[in-house]
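First the structure, in the form of structure tokens, and then the observations on it.
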Amino acid sequence: MLILSFVPEIRGQKVLTLKECYDMALTAAPIASERDAYLQISAVRDKNLSKSWLPSLDAGGSFVYNSSVVDMTDVLGALPIPGIGGLIRPLPHEQYKLTVDISQVIYDGGSVKGARALEKADFRINEKQTETDLYKLRAQINSCYFNLLLLDSQKELLQSYHELITKRMASMNSALASGMILKSDIDVLASEKIKLEQQLSENEVRKVSLLKILSSLNGTVIDSSTKFVLPAAREELSGELLRPELQIFDLRKEQLNAGLLVLQSKRMPKALAFATLGYGNPPGSNFFRDEFAPYYILGATIKWNIFDWNKAKNEKQVISLQQSIIDSRKTELTDNLNRLLDAKIAEISNLKSLLGSDTELIAIRKRITAAAESQFENGTITATDFMDELTAEREALINHEIHRINLAMAQIEYLNISGKEIE
């Protein structure tokens with residue numbers, strides 16, 4: 001792991017945003033290297049496919065022994081030509097041949113083009129699938145990041161109340177010495193102070209645990225001094241869906257269309273030119289020449305599958321059915337995502353409403369606490385009564401922070417559901 005040295009600092013404090021966490025996690029994840037691997041695989045395969053247009057070279061050799069060969073000695077020897085019988089010899093029983101065969105595609109019916117389109121579609125699907133797997137990391141990062149924000153806010157509030165109670169106890173000690181208050185009043189505050197210290201200790205333990213998880217996800221060490229920035233609230237949220245899973249469905253249809261090109265190329269005529277360079281005995285088809293000599297053969301061929309027993313038609317029907325399945329799956333996922341967005345919109349609306357009432361509640365609780373503090377100083381209420389009001393104020397403030405952070409988290413989750421990037 002690396003130490004966080006690249007995040008900005010404000011007054012000596014390290015700052016880490018949610019977007020930076022996403023970026024670091026995408027780099028640190030073990031599967032992040034898959035995209036480069038798929039890119040290299042696709043490049044190699046495409047290179048091999050493009051070489052299908054290059055001539056092919058094959059070397060060969062053979063030895064053949066024929067038990068029976070054409071012998072025209074008797075036939076030609078009977079002709080009334082002086083000395084012809086001595087010129088005619090039977091064909092050799094053995095045949096030796098060393099060859100270099102060269103073939104060149106002239107027209108392939110679009111098979112290479114279709115294969116390259118299919119390979120490109122495969123690469124884009126693998127690339128998008130990797131992106132989908134990495135996208136799932138965001139939910140884990142969100143959970144850690146926003147819980148850390150909540151713990152930091154709670155810690156600030158707890159420390160503030162801890163300082164307040166500590167100061168209040170210091171002022172009460174002199175009053176206790178003069179007999180103006182009872183020891184039980186100080187005990188009430190001391191009890192509350194211990195509770196706050198326990199909550200601060202628990203807060204620190206949870207923060208350390210979450211920092212370890214976030215550090216593991218980001219591939220870097222994040223210490224407890226790091227400040228986490230609450231993402232800015234958004235007034236408008238678009239319902240447009242850009243999830244990578246939906247894009248995979250579109251890419252799979254493109255893959256099927258590329259498969260149609262390959263299928264159609266199988267029904268197209270194909271033309272080849274060929275040449276053979278050889279050395280043998282007899283040379284080429286000259287069976288009357290009993291000696292080793294070089295020879296060559298030139299030619300061209302065409303092949304056209306004019307009837308395939310409807311196999312291509314059946315394969316097209318299969319591809320059409322597969323496209324229908326993809327459309328159904330995409331529609332189902334789109335409907336599910338839209339339902340999640342609707343639920344998240346309702347949650348965001350509710351949190352905004354709670355924040356509005358929180359502001360009013362906090363103002364009321366502060367007035368009640370101030371009045372209780374005055375009454376406690378005048379001796380009209382006990383320390384327990386005062387602490388009850390102080391605790392109620394603290395809970396109102398903590399709930400406000402919870403609602404504020406949950407609102408930001410709900411908006412980020414809305415963006416993640418829709419597949420949009422955060423700013």
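Everything quoted here is computed from the prediction, not taken from an experiment.
- For the atom pair Leu415 CG and Ile422 CD1, the distance stands at 8.0 Å (nearest 0.5 Å).
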side-chain contact (heavy atoms from CB on, under 4.5 Å) between Asp152 and Lys207, worked out
CA-CA 8 Å; Asp152 285 344; Lys207 182 173 181 178; 2.9 Å; yes
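- Rounding to the nearest 0.5 Å places CZ of Arg267 at 9.0 Å from CD1 of Ile306.
- Geometrically, Arg329 does not engage Phe249 in a cation-pi contact defined by less than 6.0 Å to the ring centre and at most 45° from the axis.
- For the pair Glu202 and Lys155, the salt-bridge criterion is not met [side-chain N within less than 4.0 Å of a carboxylate O].
- Between Leu149 atom CG and Glu401 atom CD the span is 10.0 Å, to the nearest 0.5 Å.
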List the steps and the verdict of side-chain contact (heavy atoms from CB on, under 4.5 Å) for Glu393 and Leu390.
CA-CA 5 Å; Glu393 177 190 334; Leu390 189 63; 4.2 Å; yes
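- Between the side chains of Asn399 and Glu395, no donor-acceptor pair is found at a separation under 3.5 Å.
- Interatomic distance, Ser153 OG to Arg404 CZ, rounded to the nearest 0.5 Å: 5.5 Å.
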Between Leu397 and Ile362, is the side-chain contact (heavy atoms from CB on, under 4.5 Å) condition met? List the steps.
CA-CA 6 Å; Leu397 287 169; Ile362 289 172; 3.6 Å; yes
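- Atom CD of Glu360 is separated from atom CG of Leu355 by 13.5 Å, given to the nearest 0.5 angstrom.
- Side-chain N/O atoms of Thr276 and Thr99 include no donor and acceptor closer than 3.5 Å.
- A salt bridge is absent between Arg45 and Asp122; no separation between the charged side-chain nitrogens and carboxylate oxygens falls under 4.0 Å.
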Would Asn142 and Tyr22 count as a side-chain hydrogen bond (donor to acceptor under 3.5 Å, both in side chains) if you check the C-alpha gap in whole Å, the side-chain angles of each, and the deciding distance to 0.1 Å?
CA-CA 9 Å; Asn142 287 344; Tyr22 285 170; 2.6 Å; yes
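- A salt bridge links Glu192 with Arg394: the distance from a Lys NZ or Arg NE/NH1/NH2 to an Asp or Glu carboxylate oxygen falls below 4.0 Å.
- Put simply, the residue from Lys113, Lys51, Arg116 that forms a salt bridge (Lys or Arg N to Asp or Glu O under 4.0 Å) with Asp46 is Arg116.
- Here Phe123 and Tyr38 keep their ring centres 6.0 angstrom or further from each other.
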